[in-house]
2 protein chains.
Amino acid sequence: MAIGRSTQSTSQTPDAGAARRPSRARGIPEATVARLPLYLRALTALSERSVPTVSSEELAAAAGVNSAKLRKDFSYLGSYGTRGVGYDVEYLVYQISRELGLTQDWPVVIVGIGNLGHALANYGGFASRGFRVAALLDADPAVVGSSAAGLPVRHMDELEAIVESQQVSIGVITTPPGAAQQVCDRLVEAGVTSILNFAPTVLTVPDGVDVRKVDLSIELQILAFHEQRKAGEEPDRGDSVLDRAPGPVRAAAAKLRRAAGGTAKAEPAKGGKPAKGTEGDLSAVMPA
Amino acid sequence: MAIGRSTQSTSQTPDAGAARRPSRARGIPEATVARLPLYLRALTALSERSVPTVSSEELAAAAGVNSAKLRKDFSYLGSYGTRGVGYDVEYLVYQISRELGLTQDWPVVIVGIGNLGHALANYGGFASRGFRVAALLDADPAVVGSSAAGLPVRHMDELEAIVESQQVSIGVITTPPGAAQQVCDRLVEAGVTSILNFAPTVLTVPDGVDVRKVDLSIELQILAFHEQRKAGEEPDRGDSVLDRAPGPVRAAAAKLRRAAGGTAKAEPAKGGKPAKGTEGDLSAVMPA
DNA sequence: TAGATTGTTAATCGATTAACAATC
DNA sequence: TAGATTGTTAATCGATTAACAATC
């Protein structure tokens with residue numbers, strides 16, 4: 001095993017860096033791990049509707065994946081299905097939850113309480129899966145003392161004490177990019193070993209610390225890439241879709257789409273280099 | 001080409017579904033496309049520091065990837081480097097921007113102006129890359145008329161008119177999960193062909209429409225999976241890391257980490273099934 | 001020319017998928 | 001038994017990476 005400092009990979013890629021190594025410890029591929037939460041969400045919805053069993057075909061459709069892939073994924077967890085019948089919903093919810101570690105309580109700290117920090121503090125999807133917000137932290141005295149999601153915002157100075165006393169092992173960084181590495185270092189030093197980074201910065205962490213990155217602008221850029229391609233291909237793709245469209249509604253929509261966002265996009269609106277300067281700036285998300 | 005409705009894949013997986021098909025149109029792999037924004041960010045930082053050229057090794061380190069991968073990625077764009085010298089920063093910034101479609105203006109609408117919608121409206125990383133917020137939309141009369149990021153929040157009723165008049169092809173969904181599919185349908189019907197979905201719902205869209213998904217809770221669940229593994233492996237991994245740790249600070253931190261978040265986690269705090277009920281609820285992020 | 005670094009090759013690895021035997 | 005559906009195999013595909021010839 002390599003010792004030293006490693007950098008995280010983007011969450012968008014299944015790039016299994018050193019920090020992601022443990023995933024294959026019991027033989028579960030990283031790609032499968034990334035899909036388990038999707039299955040869990042679909043299963044939880046079925047559970048709430050009191051559906052007792054589900055086939056791989058049905059569940060795959062609900063989760064938006066191929067059924068062969070789903071069965072292959074589940075085979076890494078064990079044989080939890082019944083041939084000719086399907087999977088027991090409740091049992092599978094439990095097994096996947098256990099596999100993901102969601103049957104235990106995970107205290108997390110959120111550092112940087114701007115709009116995004118607020119949004120995350122309020123996010124219902126956390127609490128329902130065993131993630132408990134142990135503390136909200138901010139460096140700005142104007143924000144410290146206010147409250148979000150019913151919790152007081154505390155000062156960064158308290159970070160170490162909170163992490164230690166509440167045994168926090170997961171930290172969420174929603175600071176401006178300039179502060180992210182420094183915050184990350186303090187979190188790691190205090191004992192945090194998993195970091196979810198929303199700041200558009202590559203974080204450097206020691207071996208044994210996991211970093212996952214959520215980058216809002218990268219997702220839009222990837223969409224723009226494909227959108228650009230669509231505009232270029234429009235004469236072909238648009239027409240073929242239109243010709244075989246299943247109904248008048250679809251046809252009208254496609255026509256409208258072409259008119260509104262189609263070939264006009266093929267000509268760049270700006271000729272030269274793109275604007276620079278506010279590179280990856282999250283500070284607007286933060287309080288002044 | 002298959003005609004019909006398809007579901008998107010999660011942004012975490014490079015699962016090239018039907019909706020992602022155009023990516024290989026000019027032969028650029030999806031994994032490469034997903035990394036171009038990372039390179040662009042690193043290059044923009046260099047450009048701001050007036051660095052004229054950069055080697056694949058340096059740039060790869062800044063972007064957090066392997067240099068061979070970076071060179072391979074760039075080879076899909078063309079031969080933009082100079083052997084023995086490296087890459088011209090400005091030129092590469094332009095070429096990648098162009099490839100991603102960022103040299104043109106992309107009007108986007110954001111639907112659902114809760115905390116997350118606010119955060120996105122304020123996000124500086126959008127405007128700097130040619131993404132222009134054409135409108136903020138919400139269904140709640142209490143929110144409509146307020147302003148965010150200097151823009152008025154407008155009512156959903158105006159969606160179609162705005163998409164058409166401003167030629168919006170990209171929509172961002174930050175609504176509660178229950179409203180997401182309905183909003184998606186309206187966006188697509190109005191002419192939007194790319195959707196960035198923050199609601200924890202699998203969206204169904206017609207062929208030709210791209211959906212990318214950002215799921216805040218999935219990222220945490222993946223971290224929890226690895227964190228759980230760490231706790232289990234701690235006796236092995238913790239010690240080996242400690243033994244060869246480069247300095248007293250690292251050793252102390254590692255020891256602290258073990259004490260605070262280590263083997264204690266190996267025992268589930270809760271024995272049975274995880275709490276259910278607030279499955280993927282984004283409504284707390286939304287205004288009441 | 002000597003040193004540096006790209007662009008490409010080829011080996012390897014991991015993920016996806018169709019197909020089907022096993023079995024409920 | 002007949003029908004349904006899982007779990008697994010094996011083929012295929014795409015992504016990663018080290019190595020190095022090309023060349024500045």
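Every chain is numbered from 1 and lettered A, B, ... according to where its sequence line falls, protein lines coming before strand lines. Please read all numbers here as calculations on a predicted model, not as lab measurements.
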**Study point:** OP1 or OP2 of dG7(C) under 4.0 Å from side-chain N/O of Tyr87(B)
**Key:** yes

Review point. Does Thr82(B) have a side-chain nitrogen or oxygen under 4.0 Å from the phosphate oxygens OP1 or OP2 of dC24(D)?
Key: no

Review point. What pairs with Ser67(B) under side-chain contact (heavy atoms from CB on, under 4.5 Å), at least two apart in sequence or on another chain?
Key: Ser56(B), Glu57(B), Ala60(B), Arg71(B)

Review point. In whole Å, what is the span from the NZ atom of Lys72(B) to the P atom of dT17(D)?
Key: 13 Å

Check your understanding: Quick one: which of dT16(C), dG7(C), dT17(D) gets closest to the side chain of Ser75(B)?
Key -> dG7(C)

Review point. Please give, in whole Å, the distance from dT8(D) C1' to Tyr80(A) OH?
Key: 17 Å

**Study point:** Main-chain N/O of Ala45(B) paired with Glu48(B) side-chain donor or acceptor, under 3.5 Å
**Key:** no

Point to revise | Protein-nucleotide distance (Leu77(A), atom CG; dT6(D), atom P), rounded to Å | key: 14 Å

Review point. How far apart are the C-alpha atoms of Tyr91(B) and Tyr94(B), what are their side-chain angles, what is the distance that settles it, and do they pass the ring pair (Phe, Tyr, Trp, His ring centres under 6.0 Å) test?
Key: CA-CA 5 Å; Tyr91(B) 187 58; Tyr94(B) 171 68; 7.3 Å; no

Point to revise | Contacts of Thr53(B) that satisfy side chain to side chain donor-acceptor pair (under 3.5 Å) - sequence neighbours left out | key: none

Review point. Mapping Thr32(B) and Ser79(A) to their closest nucleotides on DNA chain D, which lands nearer the 5' end?
Key: Ser79(A)

Point to revise | With Phe74(A) via ring pair (Phe, Tyr, Trp, His ring centres under 6.0 Å) - residues at least two apart | key: Tyr39(A), Tyr87(A)

Review point. Just how far, in rounded Å, is C1' of dA15(C) from CD of Glu30(B)?
Key: 15 Å

Review point. Do any side-chain nitrogens or oxygens of Ser55(B) fall under 4.0 Å of OP1 or OP2 in dT5(C)?
Key: no

Check your understanding: Looking only at heavy atoms, which two atoms of Leu59(B) and Leu46(B) are closest? And how far apart?
Key -> CD1-CD1, 4.2 Å

Practice item. List the steps and the verdict of side chain to side chain contact (heavy atoms under 4.5 Å, CB included) for Lys230(B) and Ser169(A). Key: CA-CA 11 Å; Lys230(B) 280 182 215 166; Ser169(A) 55; over 6 Å; no

Practice item. Rounded to the nearest angstrom, tell me the gap between atom CG in Asp73(A) and atom C1' in dT6(D). Key: 14 Å

Check your understanding: Using Watson-Crick and G-U wobble pairs with both distances under 3.5 Å, what is the 5'-to-3' dot-bracket string of DNA chain D, with [ ] for crossing pairs and | for pairs outside the strand?
Key -> ..||||||||||||||||||||||

Point to revise | Phosphate OP1/OP2 of dA18(D): any Asn66(B) side-chain N/O under 4.0 Å | key: yes

Practice item. By nearest nucleotide on DNA chain C, pick out whichever of Leu70(A) and Val85(A) is the more 5' one. Key: Leu70(A)

Check your understanding: Which of these nucleotides, dT16(C), dA15(D), dT17(D), is closest to any side-chain atom of Pro29(B)?
Key -> dA15(D)

Find every protein N or O atom lying less than 3.5 Å from an N or O atom of nucleotides 19-23 of chain D, and list the pairs.
from: dA19(D); atom 1: N6; to: Arg71(B); atom 2: NH2; distance (Å): 3.4
from: dA22(D); atom 1: N3; to: Arg83(B); atom 2: NH1; distance (Å): 2.8

**Study point:** Residues Glu30(B) and Arg35(B) bridged, charged N to O under 4.0 Å
**Key:** no

Study note, to complete from the structure: Those residues at least two apart in sequence (or on a different chain) that pass side-chain contact (heavy atoms from CB on, under 4.5 Å) with Ala62(A) are Ala42(A)

